[in-house]
Participant: 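Starting off with a structure, shown below.
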Amino acid sequence: MYREAKVLLRPKFLPKPKPDPCMFIQKGFSLQRFNTFGIDASAEEFITVEDEDQVAEALAYSLNKPLFILGGGSNILLTGDLPGITILVRLHGISLVYEDDTYHYVRAAAGEIWHDFVLYCISRGYAGVENLSLIPGSVGAGPMQNIGAYGVELEQVFVSLDAIHVHTLEKRTFEARECEFGYRSSIFKTREKGNWLITSVLFRLRKTPEFNISYGAIQEELDKACITDLSIKAVSDAVISIRRSKLPDPDMIGNAGSFFKNPVIPAERFEELKKAYPSIPSYAADGGIKLAAGWLIEQAGWKGKTLGKYGVHTRQALVLVNYGGAKGTDIWQLSEDIRTDILRKFGVELEREVNIFP
Ligand code: FAD
Ligand code: NAP
């Protein structure tokens, strides 16, 4: 059984504020600063929620209207204005709730910035999320696509999440096995898409780190920094440094990270491709062989391609970019052209990772 933590860093059961009798609804609200692509689209009605009472109130108001749930806007492409209600999730609070001999159990509210949560863990020596440093967005969106980077996925530190059904207002706790986590996927991105508003996530962080530094350039980066005494802070710093050198900063160039998922194909199909493209990168994956979508897109000549206000990033072919003033439909069409080309050239179907709204 779990031992209660001696010190609760931020008390979880503070008295809740009374619901605001006149919920603040902004009409025709510009979402340009609320999506990292920087697309100029607006929400018909926009509501910010900061506690669970406000969530319930906003959901009750949204019944029978189109509803969009927004976190940091770093994994969405807006192809037009959003009809109905857009709820911006800004629930805050991170607290150590209990511990046992092996783990610290930490609950983070959905509106916390993911990287702030990572820094919270690193500053206290809680291990497990260091490879997930600097992923943009909110804690609540993390389980949506089981965020992952450098060989670690959220599900490895996940215990459960609390959510509210957007139609029935039922409150429910989802354990890990109920979330159907997969590669950049969960039940919330598949058959329950749009049905639940996640309010908080409970994580399990190791007291003794189990380092995972074999992936990508982490070891190289640690060597460069002359790190001999490995720590979760050193791994986090290495990941941050690699990401800053490779990925476009959304504050400078609009983007939503990897636009496509890496495709997983059957082993027999891979053998055929390997004959035609002997240098094709590949990785063993559940149910087949994972290809690097970025490599396919680069081979097809799309890397660095610019179509006026938008294009494919110069250093990372998996990232589509808005240089300023592009429409969501421009970027969607570019993604469609890339998909068609990759299918024609390699016979491989690319699936979008980014969520398309409306
Ligand atoms: P949003 O974009 O606001 O929303 C994404 C989806 O989640 C939407 O469908 C939305 O409706 C839903 N949603 C949001 N909050 C909630 C909630 N509380 N309850 C229910 N549904 C909700 N992703 C990775 O996995 N690994 C990476 O390494 C990575 N790197 C990135 C690098 C860059 C530069 C960028 C721009 C993006 C990157 N991403 C990466 C994608 C993105 O950061 C993650 O998917 C992140 O979890 C999205 O969080 P968000 O709060 O911005 O979600
Ligand atoms: P990279 O290191 O150049 O590798 C290219 C691709 O090969 C990655 O997509 C990665 O798959 C795969 N890969 C590399 N080494 C692997 C290994 N040892 N085992 C299995 N697969 C391996 O990738 P990058 O573009 O610089 O990104 C680094 C990490 O950050 C990756 O994990 C990537 O997913 C993540 N990232 C994600 C986003 C996003 O928006 N989702 C954006 C930027 C970076 P995986 O993608 O499956 O890891």
Side-chain angles (χ1 to χ4, degrees), residues 31 34-38 49 55 67-78 82 86-91 109-115 131-154 161-166 183-186 188-189 192-201 212-220 239 242-264 281-285 289-296 298 313 315-321 353-357:
L31 296 171
F34 293 83
N35 71 99
T36 59
F37 257 125
V49 292
V55 171
L67 172 67
F68 300 94
I69 299 165
L70 188 59
S74 65
N75 203 15
I76 59 169
L77 175 66
L78 298 172
L82 298 185
T86 298
I87 296 181
L88 176 68
V89 179
R90 283 281 157 87
L91 282 75
E112 288 290 337
I113 293 171
W114 172 262
H115 186 60
N131 291 39
L132 302 178
S133 296
L134 214 62
I135 297 180
S138 59
V139 164
M144 285 289 300
Q145 71 160 16
N146 185 21
I147 49 170
Y150 297 98
V152 172
E153 289 180 323
L154 174 134
L161 62 78
D162 289 339
I164 302 183
H165 197 279
V166 301
Y183 169 65
R184 304 290 187 271
S185 177
S186 75
F188 307 103
K189 204 176 175 181
E192 289 291 338
K193 187 162 178 131
N195 286 344
W196 296 90
L197 188 152
I198 295 166
T199 52
S200 70
V201 184
N212 183 343
I213 54 168
S214 59
Y215 205 95
I218 299 185
Q219 183 64 65
E220 205 181 307
V239 168
I242 303 167
R243 293 183 72 101
R244 288 209 170 117
S245 71
K246 284 182 88 169
L247 290 167
D249 176 353
D251 285 342
M252 312 299 288
I253 305 175
N255 77 91
S258 304
F259 202 89
F260 302 101
K261 291 185 186 182
N262 286 328
V264 177
S282 64
Y283 306 92
I289 305 290
K290 183 179 79 177
L291 306 177
W295 186 89
L296 298 173
E298 186 173 347
H313 189 51
R315 291 196 303 269
Q316 171 52 283
L318 207 45
V319 178
L320 305 190
V321 290
E353 178 178 310
V354 169
N355 301 277
I356 313 291
F357 286 155

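Just so you know, ligand 1 is whichever comes first in the structure, and atom 1 is the first atom listed for that ligand.
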Participant: Please state which protein non-hydrogen atom is closest to atom 47 (O) of ligand 2 and give its distance, to 0.1 Å?
Facilitator: K290 NZ, 2.5 Å
Participant: Of all the atoms in ligand 2, which lie at a distance below 4.0 Å from a heavy atom belonging to E353?
Facilitator: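 The atoms of ligand 2 under 4.0 Å from a heavy atom of E353 are 39 (C), 40 (O), 41 (N).
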Participant: Taking all atoms of both residues into account, what is the closest heavy-atom pair of P250 and T36, and its distance?
Facilitator: CB-CB, 3.7 Å
Participant: Quick one: which ligand 1 atoms are inside 4.0 Å of a heavy atom on G137?
Facilitator: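 Result: 49 (O), 50 (P), 51 (O), 52 (O).
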Participant: Measure the distance from atom 36 (C) of ligand 1 to every protein heavy atom, then report the residue, atom name and distance (to 0.1 Å) of the closest one.
Facilitator: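 Result for atom 36 (C) of ligand 1: G257 N, 3.3 Å.
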Participant: At a 4.0 Å threshold, what atoms of ligand 1 neighbour a non-hydrogen atom of L197?
Facilitator: 19 (N), 20 (C)
Participant: If we ignore hydrogens and angles and just use 3.5 Å, is the side chain of S258 paired with the main-chain N or O of F260 as donor and acceptor?
Facilitator: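 Flag not set: sc S258 to bb F260 has no pair under 3.5 Å.
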Participant: What is the closest protein heavy atom to atom 50 (P) of ligand 1, and at what distance does it sit?
Facilitator: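 Going by distance alone, atom 50 (P) of ligand 1 is nearest to G72 N, 3.3 Å.
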Participant: Give the atom numbers and elements of ligand 1 that come within less than 4.0 Å of a heavy atom of N255.
Facilitator: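 Those atoms are 34 (C), 36 (C).
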Participant: Find all atoms of ligand 2 within a distance of less than 4.0 Å from any non-hydrogen atom belonging to Q316, and give their numbers and elements.
Facilitator: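 Near Q316, meaning under 4.0 Å from one of its heavy atoms, ligand 2 has 24 (P), 25 (O).
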Participant: Show the nearest heavy-atom pair for residues L134 and R243, with the distance to one decimal.
Facilitator: O-NE, 3.7 Å
Participant: Drop me the distance from N146's CG to S185's OG, to the nearest 0.5 angstrom.
Facilitator: 8.0 Å
Participant: With no hydrogens and no angle check, do the side chains of N262 and Y283 hold a donor and an acceptor under 3.5 Å apart?
Facilitator: no
Participant: Determine, considering heavy atoms only, which of A292, A317, S214, S282 sits nearest to atom 6 (C) of ligand 2.
Facilitator: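 The residue whose heavy atom sits nearest atom 6 (C) of ligand 2 is A292.
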Participant: Considering the heavy atoms of L247, write down every atom of ligand 2 situated less than 4.0 Å from one of them.
Facilitator: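 What qualifies from ligand 2 is 43 (C).
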Participant: Students should be able to answer this: which protein heavy-atom is nearest to atom 21 (N) of ligand 1, and at what distance?
Facilitator: M144 SD, 3.6 Å
Participant: Of all heavy-atom pairs between V354 and I76, which one has the smallest distance, and what is that distance?
Facilitator: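 The answer is CG1-C, 3.5 Å.
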Participant: For the pair W114 (side chain) and L132 (backbone), establish whether a donor and an acceptor sit closer than 3.5 Å, ignoring hydrogens and angles.
Facilitator: yes
Participant: Can you tell me how far OH of Y215 sits from OH of Y150, rounded to the nearest 0.5 angstrom?
Facilitator: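 That separation rounds to 9.0 Å.
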Participant: Would you mind listing which atoms of ligand 1 come within a distance below 4.0 Å of any non-hydrogen atom of A256?
Facilitator: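 Those of ligand 1 that fall under 4.0 Å from A256 are 35 (C), 36 (C), 37 (C).
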Participant: Counting non-hydrogen protein atoms only, what is the nearest one to atom 17 (C) of ligand 2? Give residue, atom name and distance.
Facilitator: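 Among all protein heavy atoms, the one nearest atom 17 (C) of ligand 2 is Y215 CE1, 3.1 Å.
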Participant: For ligand 1, which is the ligand I care about here, please tell me if S74 has any N or O atom under 3.5 Å from one of the ligand's N or O atoms.
Facilitator: yes
Participant: Does the side chain of L77 reach to within under 4.5 Å of the side chain of N355, using non-hydrogen atoms?
Facilitator: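 A side-chain contact under 4.5 Å is absent here.
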Participant: For residues 136-145, dump all side-chain donor-acceptor pairs below 3.5 Å to protein atoms at least two apart in sequence or in another chain.
Facilitator:
residue, atom, partner, partner atom, Å
S138, OG, A141, N, 3.4
Q145, OE1, N75, ND2, 3.1
Q145, OE1, K189, NZ, 3.1
Q145, NE2, E353, OE2, 3.0

Participant: Starting from atom 3 (O) of ligand 2, what is the nearest protein heavy atom, named by residue and atom, and what distance separates them?
Facilitator: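 The closest heavy atom on the protein side is K246 NZ, 3.0 Å.
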Participant: Determine, using heavy atoms of W295 and all atoms of ligand 2, whether some pair is separated by less than 4.0 Å.
Facilitator: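 Judged by the 4.0 Å heavy-atom criterion, W295 does not count as contacting ligand 2.
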Participant: Which residue and atom name correspond to the protein heavy atom nearest atom 26 (N) of ligand 1, and how close is it?
Facilitator: G148 O, 2.8 Å
Participant: Considering non-hydrogen atoms of the protein only, which is the closest contact for atom 1 (P) of ligand 1, and what is the distance?
Facilitator: G73 N, 3.5 Å
Participant: Within the structure, does at least one protein heavy atom fall under 4.0 Å of atom 34 (O) of ligand 2?
Facilitator: yes
Participant: Output yes when the distance from some N or O of ligand 1 to some N or O of T36 is under 3.5 Å, and no in every other case.
Facilitator: no
Participant: Just which atoms of ligand 2 are under 4.0 Å from any heavy atom in G257?
Facilitator: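 Once the distances to G257 are compared, the set is 40 (O).
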Participant: Under 4.0 Å from ligand 1, counting heavy atoms only, is it the side chain of V319, its backbone, both or neither?
Facilitator: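 It is neither part, as no heavy atom is under 4.0 Å.
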Participant: What part of F357 sits under 4.0 Å from ligand 1 if we count only heavy atoms: the side chain, the backbone, both or neither?
Facilitator: side chain
Participant: Would you mind checking which non-hydrogen protein atom is closest to atom 32 (C) of ligand 1, with the distance to 0.1 Å?
Facilitator: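 For this ligand atom, the closest protein heavy atom is R243 NH2, 3.3 Å.
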Participant: What closest approach, in Å, do L318 and A293 show between heavy atoms, and which atom pair accounts for it?
Facilitator: CD1-CB, 3.5 Å
Participant: May I ask you to identify the nearest protein heavy atom to atom 31 (C) of ligand 2, giving residue, atom name and distance to one decimal place in Å?
Facilitator: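 Here the closest protein heavy atom is Y150 N, 4.0 Å.
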Participant: Under the side chain to side chain donor-acceptor pair (under 3.5 Å) rule, collect the residues that match up with N212, sequence neighbours excluded.
Facilitator: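 Partners of N212 by the side chain to side chain donor-acceptor pair (under 3.5 Å) criterion come out as none, since no residue qualifies.
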Participant: Can you find a non-hydrogen atom of K189 under 4.0 Å from ligand 1?
Facilitator: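 It does not, in that no heavy atom of K189 comes within the 4.0 Å cut-off of ligand 1.
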Participant: Compare all side-chain heavy atoms of V166 with those of I69 and state whether any distance is below 4.5 angstrom.
Facilitator: yes
Participant: Taking the side chain as every heavy atom from C-beta outward, state whether L70 and I87 have any atom pair closer than 4.5 Å.
Facilitator: no
Participant: For N255 and I253, indicate whether the former's side chain and the latter's backbone hold a donor-acceptor pair under 3.5 Å.
Facilitator: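 Indeed, once roles are kept as given, a pair shorter than 3.5 Å links the two residues.
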Participant: Quick one: nearest non-hydrogen protein atom to atom 23 (N) of ligand 1, plus distance?
Facilitator: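 Atom 23 (N) of ligand 1 sits closest to the protein heavy atom Q145 NE2, 3.2 Å.
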Participant: Against heavy atoms of I147, which atoms of ligand 1 measure under 4.0 Å?
Facilitator: 24 (C), 25 (O), 44 (C), 45 (O), 47 (O)
Participant: For atom 9 (O) of ligand 2, find the nearest protein heavy atom and state the residue, atom name and distance (0.1 Å precision).
Facilitator: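 So the nearest neighbour among protein heavy atoms is N262 ND2, 2.8 Å.
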Participant: For P136, which part has a heavy atom under 4.0 Å from ligand 1: side chain, backbone, both, or neither?
Facilitator: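 Within the 4.0 Å criterion, P136 contacts ligand 1 through backbone and side-chain atoms alike.
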Participant: Indicate yes or no: at least one non-hydrogen side-chain atom of F37 is less than 4.5 angstrom from one of L78.
Facilitator: no
Participant: Give yes or no for whether the N/O distance cutoff of 3.5 Å, strictly under, is met between A149 and ligand 1.
Facilitator: no
Participant: Give the minimum heavy-atom separation between R184 and G148, together with the two atoms involved.
Facilitator: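 So the minimum-distance heavy-atom pair works out to NH2-O, 3.1 Å.
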Participant: For atom 42 (C) of ligand 2, what's the nearest protein heavy-atom neighbour? Residue, atom name and distance, please.
Facilitator: S258 OG, 3.2 Å
Participant: Before signing off on this row, confirm whether L70 and ligand 1 have an N or O atom pair separated by under 3.5 Å.
Facilitator: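 No, since none of the N or O atoms of L70 sits under 3.5 Å from an N or O of ligand 1.
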Participant: Mark up the atoms of ligand 1 that fall under 4.0 Å of a heavy atom belonging to I76, in ascending order.
Facilitator: 2 (O), 4 (O)
Participant: Tell me which protein heavy atom sits closest to atom 14 (C) of ligand 2, plus the residue, atom name and distance to 0.1 Å.
Facilitator: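 The closest one turns out to be Y283 OH, 3.3 Å.
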Participant: Rounded to the nearest 0.5 Å, what separation is found between the NE2 atom of H115 and the CD1 atom of I135?
Facilitator: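 With rounding to 0.5 Å, NE2 (H115) is 10.5 Å from CD1 (I135).
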Participant: Which residue supplies the protein heavy atom nearest to atom 14 (C) of ligand 1, what is that atom called, and how far is it?
Facilitator: A141 CB, 3.7 Å
Participant: Report yes if the side chains of V55 and L91 come closer than 4.5 Å at any heavy-atom pair, otherwise no.
Facilitator: yes
Participant: Flag atom 28 (C) of ligand 2 as yes if some protein heavy-atom distance to it falls below 4.0 Å, otherwise no.
Facilitator: yes
Participant: For I69, which part has a heavy atom under 4.0 Å from ligand 1: side chain, backbone, both, or neither?
Facilitator: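 Under 4.0 Å from ligand 1, I69 contributes backbone and side-chain atoms.
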Participant: To the nearest 0.5 Å, what is the distance between CG on L197 and CG on D162?
Facilitator: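 That separation rounds to 11.5 Å.
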Participant: Kindly give the heavy-atom pair with the smallest separation between A163 and W196, and that separation in Å.
Facilitator: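 Closest approach of A163 to W196: CB-CE3, 3.8 Å.
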